Amino acid sequence: MADNNRHTIKKVSIVLSVICIIFATVATILHKNHQIDLISYSAPFVIGTVVTILTCAALQRLFCSLLAKNYLSFGWNTSIKTEAVALKIDIDNLDEFSQPDNTASTVVNVVVQRPSYLEKYDARMEELERTKREKRTAIVSTIHDYTTYIMAEFFTKEELETLHENIDALAYGQPELYKPIRSKDDNPIKSPALRHFAWNIGERLDIPLIDRAKFIKEIFPHELGNATIEYLSKNLRDSVTSKIKIDVPENEDYRFDCMRNFADEKISSC
């Protein structure tokens with residue numbers, strides 16, 4: 001670019017020199033032969049032309065300087081914003097880039113918005129809670145089926161309905177809603193069966209042993225009148241023979257063995 005400018009200036013200088021020589025020669029010939037003073041006539045035109053050329057040159061340098069400065073400034077801001085969009089840079093921090101620095105080198109701190117790895121945390125927690133509630137509901141439903149299957153022979157329909165309400169209170173942590181019930185006089189349920197029943201359903205609901213003991217102690221006051229809560233909690237799972245057997249869930253399978261046998265139409269004792 002600089003070489004092209006020098007070449008152009010050299011050409012213009014040669015042309016101007018030739019014009020000056022021709023003008024001086026013509027003016028001399030006219031003044032000598034015809035007494036015409038060409039310089040006096042052309043002086044205002046020459047002076048005006050020179051002033052115009054000098055003014056244009058000065059204005060050209062001024063405008064070139066201003067435009068070059070503004071273009072560089074605008075181009076810098078535009079490139080920064082373009083890269084900011086491409087790199088997902090926080091646009092609010094772009095003002096830090098445009099501030100001048102008097103040091104030899106300018107250090108630009110780029111704040112990149114890192115992807116949030118926790119943006120789906122709340123959704124995932126809601127999904128886990130929903131799955132937990134659905135599993136809890138399925139377990140409680142299975143326990144209700146199991147209760148009806150093994151307790152129908154010991155209780156009337158009304159007492160059995162109250163027992164189901166007590167199971168809901170146990171499953172959802174509402175012991176204040178427990179209601180006492182009593183088995184049939186002609187077919188009373190014994191303490192070992194109640195202890196095994198409490199262990200079986202409490203194991204699937206992940207209820208502490210002491211709470212299982214309190215559950216049967218409070219809703220079966222007649223059948224367990226002489227048993228203490230401490231005794232019950234220590235003897236929920238024992239080897240005493242009863243009509244309700246201990247049913248240990250395997251591999252987080254909350255179903256009961258006797259219910260599976262019942263579904264297969266096999267006669268089995270719980």
Side-chain angles (χ1 to χ4, degrees), residues 76-99 101 106-151 160-179 181 195-219 229 232-233 236-237 246-260 262-263 270:
W76 168 246
N77 291 333
T78 303
S79 62
I80 289 178
K81 292 182 179 180
T82 303
E83 292 184 12
V85 173
L87 298 176
K88 296 182 180 179
I89 299 175
D90 191 356
I91 301 300
D92 296 336
N93 295 327
L94 286 176
D95 292 339
E96 298 178 1
F97 305 151
S98 59
Q99 294 180 355
D101 192 354
T106 302
V107 179
V108 180
N109 295 323
V110 179
V111 180
V112 179
Q113 292 182 344
R114 298 182 181 274
S116 175
Y117 300 107
L118 298 178
E119 61 184 6
K120 296 183 179 180
Y121 175 81
D122 293 336
R124 177 56 179 161
M125 291 304 299
E126 290 179 3
E127 181 182 357
L128 292 175
E129 288 297 326
R130 183 173 61 256
T131 302
K132 183 178 179 181
R133 289 194 301 268
E134 291 174 354
K135 182 178 180 181
R136 189 77 169 182
T137 301
I139 292 174
V140 173
S141 178
T142 301
I143 291 175
H144 281 304
D145 292 338
Y146 168 73
T147 300
T148 300
Y149 180 78
I150 64 170
M151 290 296 191
L160 189 58
E161 182 178 2
T162 303
L163 178 57
H164 283 295
E165 294 175 357
N166 289 331
I167 291 174
D168 285 333
L170 173 68
Y172 297 106
Q174 298 174 311
E176 68 278 1
L177 299 181
Y178 291 163
K179 299 176 183 178
I181 59 176
R195 297 199 304 270
H196 295 172
F197 172 74
W199 190 92
N200 289 343
I201 66 174
E203 195 68 15
R204 286 157 175 80
L205 293 173
D206 197 22
I207 302 295
L209 295 177
I210 189 67
D211 291 335
R212 304 179 203 182
K214 291 178 180 179
F215 171 71
I216 57 176
K217 176 65 176 178
E218 188 166 345
I219 69 174
I229 293 178
L232 293 173
S233 64
L236 291 174
R237 182 180 180 181
I246 292 294
D247 191 331
V248 181
E250 298 180 359
N251 299 325
E252 298 184 359
D253 185 359
Y254 51 81
R255 294 175 298 172
F256 296 86
D257 289 338
C258 60
M259 297 302 296
R260 282 196 291 265
F262 177 72
C270 287

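Just so you know, these numbers come straight off a predicted model, no measurement behind them. Only this structure's heavy atoms are used, side chains among them; waters, hydrogens and symmetry mates stay out.
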So which atom in [X] and which in [Y] form the shortest heavy-atom distance, rounded to 0.1 Å?
X: T147; Y: L163; answer: CG2-CD2, 3.5 Å
X: E218; Y: P175; answer: OE2-O, 4.1 Å
X: I167; Y: F197; answer: CD1-CZ, 4.1 Å
X: R212; Y: A198; answer: CD-O, 3.5 Å
X: F215; Y: N166; answer: CE1-O, 3.5 Å

F256 six-ring face occupied by R204 cation (under 6.0 Å, within 45°): yes
Stepwise, does the side-chain contact (heavy atoms from CB on, under 4.5 Å) test hold for L236 with I216? CA-CA 10 Å; L236 291 174; I216 57 176; 4.0 Å; yes
Could you check whether atom NZ of K214 has more than 12 heavy atoms from other residues, nucleotides or ligands sitting under 6.0 Å from it?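 Not more than 12 within 6.0 Å, no.
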Other residues, nucleotides and ligands only: do more than 12 of their heavy atoms fall within 6.0 Å of CD on E161? no
Just how far is it from atom OG of S233 to atom CD1 of I210, taken to the nearest 0.5 Å? 4.5 Å
What I'd like to find out is whether the side chain of I219 reaches to under 4.5 Å of the side chain of K179, using heavy atoms alone. no
Side chain proximity check, R136 to E134, heavy atoms < 4.5 angstrom: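 They are not in contact (no side-chain heavy atoms under 4.5 Å apart), so the answer is no.
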Between the side chains of K132 and E129, is the shortest nitrogen-to-carboxylate-oxygen separation below 4.0 Å, so that they form an ion pair? no
Taking S141 for its side chain and T137 for its backbone only, find out whether a donor-acceptor pair lies under 3.5 Å. no
Which residues share a salt bridge (charged side-chain N to carboxylate O under 4.0 Å, His left out) with D253, sequence neighbours left out: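 Salt bridge (charged side-chain N to carboxylate O under 4.0 Å, His left out) check on D253 returns R255, R260.
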I201 vs L170, side-chain contact (heavy atoms from CB on, under 4.5 Å): CA-CA, chis, key distance, verdict: CA-CA 10 Å; I201 66 174; L170 173 68; 4.0 Å; yes
Between E127 and R130, does a salt bridge (charged side-chain N to carboxylate O under 4.0 Å, His left out) hold up when you go through it step by step? CA-CA 5 Å; E127 181 182 357; R130 183 173 61 256; 5.1 Å; no
Does the pair N200 and Y146 meet the rule for a side chain to side chain donor-acceptor pair (under 3.5 Å), with working shown? CA-CA 10 Å; N200 289 343; Y146 168 73; 3.1 Å; yes
Taking it one step at a time, do R195 and R237 satisfy side-chain contact (heavy atoms from CB on, under 4.5 Å)? CA-CA 7 Å; R195 297 199 304 270; R237 182 180 180 181; over 6 Å; no
Check whether the side chains of H196 and D247 place a donor and an acceptor atom closer than 3.5 Å, and report yes or no.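 Note: H196 and D247 side chains miss the donor-acceptor criterion.
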Apply side-chain contact (heavy atoms from CB on, under 4.5 Å) to the pair Y172 and V140, showing each step before the final yes or no. CA-CA 10 Å; Y172 297 106; V140 173; 3.9 Å; yes
